[in-house]
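Positions are given from 1 along the sequence.
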Amino acid sequence: MSTNSIKLIASDVHRGLAELVAKRLGLRLTPSELKRDSTGEVQFSIAESVRDEDIFIICQIGSGVVNDRVIELLIMINACKTASARRIAVILPNFPYARQDRKDKSRAPITAKLMADMLTTAGCNHVITMDLHASQIQGFFDVPVDNLYAEPSVVRYIKEKINYKDAIIISPDAGGAKRAAGLADRLDLNFALIHKERARANEVSRMVLVGDVTDKICVIVDDMADTCGTLAKAAEVLLDHGAKEVIAIVTHGILSGNAINNINNSKLTKVVCTNTVPFEEKLKLCPKLDTIDVSAVLAESIRRLHNGESISYLFKNAPL
C-alpha cells in the first residue's frame, strides 16, 4: 500500500470530467494556474507541493483546439516532473491523433507514435485511456498504458434505457465488427454490419446491410463520431430495411464540423456519447444527444493504480 497521496490536476478548461472524478474519489483538484502571456505562450504553476506524490493529470481533448490542449498537457506533465513528483499518470480518455497510427500513404507521419514520444519525454510514467482507435498504439509507448473499455458502461445504458430484448447491435463498418459482436454476446443479441463501398477516398457511394433488422431497434456502436455523416446515412439504410428505430452509441463524441446539423436532420432517434470528450455546449443545441458518465470507471482506475491493484476488473465491469 502506497504511503504517498493522490494529487489530481486539470487545466482551467474542460474541467467537467476531472471534477466528477475528484468527487467520486472524495478529493479536490490540486490548485493550479494555467494562462497565456501576450505572445500566446503557456504558463503553468502548481499552488502546492507535489513532491513524492502520485500525480494524475486528467485531460479532456475535443475538436478544434487539439494542439493547444496537447501543448498544455505536456507543460503540466513537465511541471510535475521538475517539482519532484513520485509518479505522473495521464488520464487521456480520448487519445489525440489516434487515427494516425500507421503510414497509409507515402511520406505520411505516424503521429500517434509522435504523441507517445512527446508524453514520455515530458515525464509521463503511465497513461490511462479509453477505447483506443487502434489497440496497437499501446506498443508505441515505453511506459505502461491501460486501455479501458466503455463497453461495460454501454451495456448498463442499453439495459436501463432501451427495450433491448427487441434490439440488434449494428457495426457501421467491417472494422467495428469485433466490437459489435462482443457487445451483442454480452447482451445475448444478434448483430449485423454495414459494408461501405467507396467510389473514391473519403466518399461513401453506397452502404450495403449484411443482416436482418426488420422490426428491430437498431443500436449502432462505434468508437468515435466525428461529423456523423456516416451515422446519418446508416440510419437511413437501416430504416429502409424495416428497422423500428435507430440509436447510435459512441465512446468519443468528437462532433466536429456540421455534426450537430447532421444529427438534428437525420433519422436517428438518439446519439449517445460518453463524456470522454467535452461537448456540454453541443448538448444544448441537439435534443437527440445523450451522455454516458464514465467518471466512475476512471476514478476506480486511479484508485487501483495508486494502491497497486489490478485494473483488469474494469475491462468487464463498470462501477456504480
So, [X] and [Y]: side-chain donor and acceptor under 3.5 Å apart, yes or no?
X    : Y    : result
Q60  : N94  : no
N67  : Y97  : yes
D146 : H126 : yes
N4   : D54  : yes
T274 : T276 : yes

Is a salt bridge present between [X] and [Y], judged by a nitrogen-to-oxygen distance below 4.0 Å?
X    : Y    : answer
E236 : K233 : no
K244 : D215 : no
E151 : R156 : no
E309 : R303 : yes
K23  : E19  : no
D222 : R179 : yes
R24  : D293 : yes
R28  : E48  : yes

Can you confirm whether more than 12 heavy atoms, excluding those of [X], are under 6.0 Å from its [atom1] atom?
X    : atom1 : answer
D37  : CG    : yes
K103 : NZ    : yes
R99  : CZ    : no

Nearest-0.5 Å distance that lies between atom [atom1] in [X] and atom [atom2] in [Y]:
X    : Y    : atom1 : atom2 : result
L193 : I170 : CG    : CD1   : 8.5 Å
F140 : D117 : CZ    : CG    : 9.5 Å
S38  : R36  : OG    : CZ    : 12.5 Å

Determine yes or no for a side-chain-to-main-chain donor-acceptor pair under 3.5 angstrom, with [X] supplying the side chain and [Y] the backbone.
X    : Y    : answer
T30  : I9   : no
E245 : T269 : no
T227 : G257 : no
R304 : A299 : no
D131 : T251 : no
D166 : K216 : no

Would you say I249 ends up clustered with I217 if hydrophobic residues are merged whenever their side chains have heavy atoms under 4.5 Å apart, either directly or through other cluster members?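 Looking at the clustering, I249 is in the same group as I217.
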Check the pair I158, V219 against side chain to side chain contact (heavy atoms under 4.5 Å, CB included), reporting the backbone distance first and the verdict last. CA-CA 9 Å; I158 292 174; V219 181; 4.1 Å; yes
CA sep, side-chain torsions, deciding dist, call: Y149, M130, side chain to side chain contact (heavy atoms under 4.5 Å, CB included): CA-CA 6 Å; Y149 300 103; M130 181 169 280; over 6 Å; no
